[in-house]
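Since the model is a prediction, treat every value here as computed from it, not as a measurement. Note: hydrogens, waters and symmetry copies are ignored here, and every other heavy atom, side chains too, is used. In each ligand, atom 1 is the first atom listed, and ligand 1 is the first ligand listed.
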Amino acid sequence: MAQKNQVFDNVLDLVGNTPLIKLNTITAPFKGEFYAKVEAFNPGHSSKDRVALYIIEQAEKQGILKPGDTIIETTSGNTGFSIAMVSIIKGYECILAVSSKSSPDKIDMLKTMGAKVYVCPAHVSADDPRSYYEVAKRLHEETKGSVYINQYFNQLNIDAHYNSTGPEIWEQTEGEITHLVACSGTGGTISGTAKYLKEQNPNVKVIGVDAFGSVIKKYHETREFDEKEIYPYRIEGLGKNLIPTATDFDVIDSFVKVTDEESAHTAREIARTEGLFVGYTSGAAMQAIKQLEEAGEFDKNSKVVVLFPDHGSRYMSKIYSDKWMTDQGFFDSKNKEAAETIQYIK
Ligand code: PMP
């Protein structure tokens, strides 16, 4: 952990301690103050650096991981990138089973970071042998000296955020945070952060962001797993077709659902208004804030922290591609932005 004059022993020393950045324009008409915890400032450009480093170091402490061992995981991309980065520095092999919904850029990045990648069909049930969960489990069984991170069902995923993201936000807001708004995928980020914040002040309101097509919000409200809630959607890393044990539903007050289309436009709006180039789920989280503001959730004393999980560069072939947006039907009469801002000089 040598850190003098911004000189570090290796890239892993830069994990965590991300900045909290005030939102000045996009939230200007809203009541209260709004701050983004911008996780793209992690060296692997997402909040998953915290989880990968924490879980791998816990396994080392328990003597489960030895040099040369293999780390296996299912991932929509970000966790894979972080595990690959940690594996390089610490000398492990890295095998990743990813969803076919992941952007090609993400898959190329994982390859570049030395990981062996298996791309599995997105729209099969979690217990289908082709699902990325089942493929990872099989590879774990077949690979001697392997560790399966299993982020959806690993309590250490929650602990990683309880020990870092939570305390950072509490300190950065000097204990004045009133609301936390965060996307829920594995649920590790929101659960660990919320648990820490609520221990400091039980009145902090914690609002999760879920996708239409995911079972999480309904499960939170009814404790019923409703298969009828499941259908394909485009946002990566948010919502689920199963109930992860890395989600502590008791520390989350409510969930808001957001659409693919509005989240994509809101991500673009964050870039245009705040100069922050962030990922699709950051757009989803900001979209949830818009809906909460409209529902009267905030007042002038609100100090809201929204988590922006990753960087926009991972979505160049998706929400930041005008072609992709057009193909999805996202440029309609309401949103005519398209490619009009580019001028070609002939
Ligand atoms: N946003 C993105 C881009 C992600 O990859 C993830 C992780 N699946 C999340 C949000 C949600 O974070 P968590 O898994 O901690 O709930």
Note to self: Using the rule given for side chain to side chain contact (heavy atoms under 4.5 Å, CB included), can you reason through Y219 versus E221, listing the C-alpha separation, both sets of side-chain angles and the distance that settles it, and then say yes or no?
What the structure shows: CA-CA 5 Å; Y219 183 81; E221 288 160 5; over 6 Å; no
Polar contacts were defined as any N/O atom of the residue lying under 3.5 Å from an N/O atom of the ligand; does this apply to [X] and ligand 1?
X: P309; result: no
X: N78; result: yes
X: T281; result: yes
X: K48; result: yes

Next item on the list: Report yes or no: is the cationic atom of R268 (NZ for Lys, CZ for Arg) under 6.0 Å from the centre of the six-membered ring of F330, at an angle within 45° of the ring normal?
Entry: no
Atoms in ligand 1 flagged as close to [X], the criterion being non-hydrogen separation under 4.0 Å:
X: Y315; answer: 3 (C)
X: D310; answer: 3 (C)
X: T189; answer: 12 (O), 13 (P), 15 (O)
X: T186; answer: 13 (P), 14 (O), 15 (O), 16 (O)
X: G188; answer: 15 (O), 16 (O)
X: S184; answer: 16 (O)
X: G187; answer: 13 (P), 14 (O), 16 (O)

Notebook entry, point to check: With no hydrogens and no angle check, is any side-chain donor or acceptor of S100 less than 3.5 Å from a backbone partner on V119?
Noted result: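 Answer holds: no.
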Check: Minimum heavy-atom separation for E236 to Y280, with atom names?
Finding: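 The pair with the smallest heavy-atom distance is N-CD1, 4.4 Å.
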Check: For atom NZ of K116, is the number of surrounding heavy atoms from other residues, nucleotides or ligands below 6.0 Å larger than 12?
Finding: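 No.
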Item checked: Over 12 non-hydrogen atoms of neighbours within 6.0 angstrom of NZ in K31 ->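 No, because the 6.0 Å sphere around NZ of K31 holds 12 heavy atoms or fewer from other groups.
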Check: Is the closest heavy-atom distance from F308 to ligand 1 below 4.0 Å?
Finding: no
Next item on the list: Return the set of residues passing salt bridge (Lys or Arg N to Asp or Glu O under 4.0 Å) with E199 (not counting sequence neighbours), or none when no residue passes.
Entry: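 E199 satisfies salt bridge (Lys or Arg N to Asp or Glu O under 4.0 Å) with no residue once adjacent residues are dropped.
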Item checked: Selected option - heavy-atom contact closest to atom 8 (N) of ligand 1, from A182, G239, G237 ->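 The nearest heavy atom belongs to G237.
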Next item on the list: Carefully, step by step, assess Q151 and T186 under the rule side chain to side chain donor-acceptor pair (under 3.5 Å).
Entry: CA-CA 7 Å; Q151 60 170 338; T186 66; 4.7 Å; no
Check: Listed by chain and number, what are the side chain to side chain donor-acceptor pair (under 3.5 Å) partners of S164, not counting sequence neighbours?
Finding: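 Residues passing side chain to side chain donor-acceptor pair (under 3.5 Å) with S164: R50.
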